[in-house]
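Shown next, in structure tokens, is the structure this report addresses.
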Amino acid sequence: MSLTLPGINQTASNNRIQLRKTLTLMQVVMIGLAYLQPMTIFDTFGIVSSLTQGHVPASYIIALIAILFTALSYGKMVKRFPSAGSAYTYVQKSIHPHLGFMVGWSSLLDYLFMPMINILLAKIYLSAIFPHVPPWMFVAGLTCLTTLLNLRGINVIANINSLIVFIQIAIMLIFVGLLMNGIYQGEGEGTLISTRLFYSDEVYLIPMITGATILCFSFLGFDGISSLSEETKDAVSVIPKAIFLTTMIGGLIFIFVAYFLQLYFPDVSRFINPDASQPDIMLFVAGKLFQSIILCFSCVTVLASGMAAQAGVSRLLYVMGRDGVFSNKIFGYVHPKWRTPSLNIVFVGIVALSAVTFDLVTATALINFGALTAFTFVNLSVIFQFYYHEKRHRGLFNLWHYLVLPGLGVATVTMLWINLESSSMKLGFIWAALGLFYLAWKTRLFQKQY
């Protein structure tokens, strides 16, 4: 039963308000890049450099190629099903509704906890700058800010994120200039051109693949773009382009910056703690002042990512509410003035408040399981929808696009599954079990549709 509210412009098709289509290609790409947070390269550089014996750029190339397979699969499914439900809708339509629910339920781990993780990171950064301020004040204030901005509409988020991404890229270009100057002066490799970062006698494929599995998680968020399909003009054309461009631009930024970082820091011997390399990188390259500036701006970048994530998960919950999986009156509600799923946005904000007590390791474990579940089944959805249901299996073109490429996507995601932390698997399966019990109750032991 649909919910009818006074003062709402109804549509003839379903007699209820719709999300407003306003986003352009540039805006969607900026939201995607804000979600990716290109400056995360500084956090993972020390870890991967140690694993690969100084071949981080090569690992980024492997990671980019691996993620592009899945990005292409998202693009194909968006064209067929331009819904804000993303992986939930694709699996529901192409494989089975019950499996679609389970994928959507698992995806909530990725989407629902990502805003909280960004609030948690911002709390850590701000507590380092202002140690005497109670951490809960940062969490409450930042959560209220991101929630209020999300309530006002997706255009507000797009414009703010665009500004933050441009500033972020500008800072990174300045930093690369400082790296180049230091290298020219004799730091690190002492040369601006080197093939050693990609191939050398010390390089081994397995460590580089292991490094790539870590770096693949730097790309988390490109898939969130698909949840904006119902608010994007000409979504069938724009969203696939935006997914590909976000992944490619983000990957090229990572490779470009990693190249000069690796020239400046051939190994991890200068880092006090390679697992948290950003402070040392900033201090050695640009000094104490720049280090403080970057730390402050890091708060802004994680907030941008948090706002993008909050927008994405509220749209996924909206579609699941509209389909009757969850309460239609609550999760399927759209604000009559702002045309946003306002109750969902507030709900996600409440979840983000758990950053007061939640730890980063547990939260990261949860989102990794959810993301890999979505990636796996979106690739499988391409095979089921196009190769099996639509029988597009004749000719080399169809074989390549609808079987080989998504098959490679499944293979590369499987590589990530193999390297996933045990805590991610444990927590993820507990969450999946809860979803399965809910689905069994909702469908009367799978005897009916939800």
Show, in sequence, the C-alpha distance, side-chain angles and deciding distance for L303 and I119, and conclude whether the side chain to side chain contact (heavy atoms under 4.5 Å, CB included) test is met. CA-CA 7 Å; L303 280 181; I119 295 294; 4.0 Å; yes
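- For the atom pair CE of M30 and CG of L23, the computed distance is 12.5 Å after rounding to the nearest 0.5 Å.
- You'll find the side chain of Y259 stays beyond 4.5 Å of the side chain of Y60, heavy atoms only.
- Taken to the nearest 0.5 Å, the CG atom of L109 stands 7.5 Å off from the OG1 atom of T373.
- Judged purely by atom type and a 3.5 angstrom limit, N161 has no side-chain atom pairing as donor or acceptor with the backbone of I31.
- Counting heavy atoms from C-beta on, the side chains of L317 and V348 come closer than 4.5 Å.
- Among all heavy-atom pairs drawn from F175 and L261, the shortest one is CE2-CD2, 4.0 Å.
- Of all heavy-atom pairs spanning S59 and A212, the tightest one is O-CB, 3.5 Å.
- Checking side-chain atoms of W431 against main-chain N and O of W105 turns up a donor-acceptor pair under 3.5 Å.
- The shortest distance between side-chain heavy atoms of M114 and Y35 falls below 4.5 Å.
- Using a distance-only test at 3.5 Å, with no hydrogens or angles considered, no donor-acceptor pair links the side chain of T52 to the main chain of P207.
- In this structure, T40 contributes its side chain and Q37 its backbone to a donor-acceptor pair below 3.5 Å.
- For the residue pair R444 and Q447, the shortest heavy atom distance occurs at O-CG, 3.2 Å.
- Checking side-chain atoms of Q168 against main-chain N and O of M39 turns up a donor-acceptor pair under 3.5 Å.
- Rounding to the nearest 0.5 Å places CD1 of I95 at 4.0 Å from OG of S381.
- Legend: residues meeting salt bridge (Lys or Arg N to Asp or Glu O under 4.0 Å) with R152, ordered by chain and number and at least two apart, are absent.
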Set out, in order, the CA-CA distance, both residues' side-chain angles and the distance that settles side chain to side chain contact (heavy atoms under 4.5 Å, CB included) for T340 and I154, then state yes or no. CA-CA 8 Å; T340 56; I154 196 65; 5.9 Å; no
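- Between F45 and F271, the angle of the ring planes goes over 60°, which puts this pair in the perpendicular group of the 30/60° scheme.
- Taking CG of N328 as the start and OH of Y333 as the end, the distance is 13.0 Å to the nearest 0.5 Å.
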Chi angles and distances behind the ring pair (Phe, Tyr, Trp, His ring centres under 6.0 Å) call for F377, Y90: CA-CA 9 Å; F377 282 96; Y90 309 152; over 10 Å; no
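- Residues passing the side-chain contact (heavy atoms from CB on, under 4.5 Å) test with L151 are T147, L148, W338, S342, I345, V346, sequence neighbours excluded.
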Quiz: residues 127-144 side-chain donor-acceptor pairs under 3.5 angstrom, not counting sequence neighbours:
residue: S127; atom: OG; partner: K123; partner atom: O; Å: 2.8
residue: T143; atom: OG1; partner: V139; partner atom: O; Å: 2.7

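- Taking the side chain as every heavy atom from C-beta outward, T213 and M415 approach each other to under 4.5 Å.
- With sequence neighbours excluded, the residues satisfying ring pair (Phe, Tyr, Trp, His ring centres under 6.0 Å) with F326 are F331, Y438.
- Between the side chain of S226 and the backbone N or O of D223 there is at least one donor-acceptor pair closer than 3.5 Å.
- A side-chain donor from one of T146 and Q310 sits under 3.5 Å from a side-chain acceptor of the other.
- Using a 4.5 Å cut-off on side-chain heavy atoms (C-beta onward), T443 and F101 make no contact.
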Show your working on side chain to side chain contact (heavy atoms under 4.5 Å, CB included) between Y318 and L19 and close with a plain yes or no. CA-CA 10 Å; Y318 162 71; L19 300 172; 3.8 Å; yes
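- Within the structure, every pair that satisfies the side-chain hydrogen bond (donor to acceptor under 3.5 Å, both in side chains) test and touches residues 66-77, not counting sequence neighbours, is listed here: T70-N379, S73-N379.
- In this structure S424 satisfies the side-chain contact (heavy atoms from CB on, under 4.5 Å) test together with A365, N368, L420, E421, sequence neighbours excluded.
- By the 4.5 Å heavy-atom criterion applied to side chains, L316 and S227 are not counted as neighbours.
- For the residue pair I41 and A258, the shortest heavy atom distance occurs at CD1-N, 3.4 Å.
- Scanning all heavy atoms of the two residues, the minimum distance from T246 to L36 falls at O-CD2, 3.9 Å.
- For F69, there are no ring pair (Phe, Tyr, Trp, His ring centres under 6.0 Å) partners, not counting sequence neighbours.
- Judged as a ring pair (Phe, Tyr, Trp, His ring centres under 6.0 Å), and not counting sequence neighbours, the contacts of F446 are H98.
- Using a 4.5 Å heavy-atom cutoff, the side chains of I330 and F347 are not in contact.
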List the steps, then state whether side chain to side chain contact (heavy atoms under 4.5 Å, CB included) holds for V382 with M77. CA-CA 7 Å; V382 172; M77 294 309 296; 3.8 Å; yes
Counting only pairs under 3.5 Å, give me each side-chain donor-acceptor contact of residues 393-410, with atom names and distances, residues two or more places apart or in other chains.
residue: N398; atom: ND2; partner: R394; partner atom: O; Å: 2.9
residue: Y402; atom: OH; partner: R392; partner atom: NH2; Å: 3.1

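- Judged by distance alone, with hydrogens and angles left aside, the side-chain atoms of S49 form no donor-acceptor pair with the main-chain N or O of G46 at under 3.5 Å.
- Taking the side chain as every heavy atom from C-beta outward, I249 and I253 approach each other to under 4.5 Å.
- Here M248 contributes atom CE and L64 contributes atom CG; the two are 5.0 Å apart, rounded to the nearest 0.5 Å.
- Each of K21, R315, R339, Q27 was compared with E231 under the side chain to side chain donor-acceptor pair (under 3.5 Å) criterion, and only R315 meets it.
- Put simply, the residue from T232, T89, I243 that forms a side chain to side chain contact (heavy atoms under 4.5 Å, CB included) with V78 is I243.
- Without hydrogens or angle criteria, S314 side chain to A311 main chain gives a donor-acceptor distance under 3.5 Å.
- Between the N159 side chain and the N155 main chain, a donor and an acceptor come within less than 3.5 Å of each other.
- Put simply, the side chain of E230 gets close to the backbone of A84: a donor and an acceptor are under 3.5 Å apart.
- Residues satisfying the side-chain contact (heavy atoms from CB on, under 4.5 Å) criterion with L163, sequence neighbours excluded, are I167.
- In this structure, CG in D323 is found 7.0 Å from OG in S83, a value given to the nearest 0.5 Å.
- Y111 is linked by a ring pair (Phe, Tyr, Trp, His ring centres under 6.0 Å) to nothing, counting only residues two or more places apart in sequence or in another chain.
- With sequence neighbours excluded, the residues satisfying side-chain hydrogen bond (donor to acceptor under 3.5 Å, both in side chains) with Q385 are E390.
- Heavy atoms only, all atoms of each residue included: P38 and F254 are closest at O-CE2, 3.2 Å.
- For F384, the CZ atom counts as loosely surrounded, since its 6.0 Å shell holds 12 or fewer non-hydrogen atoms of other residues, nucleotides or ligands.
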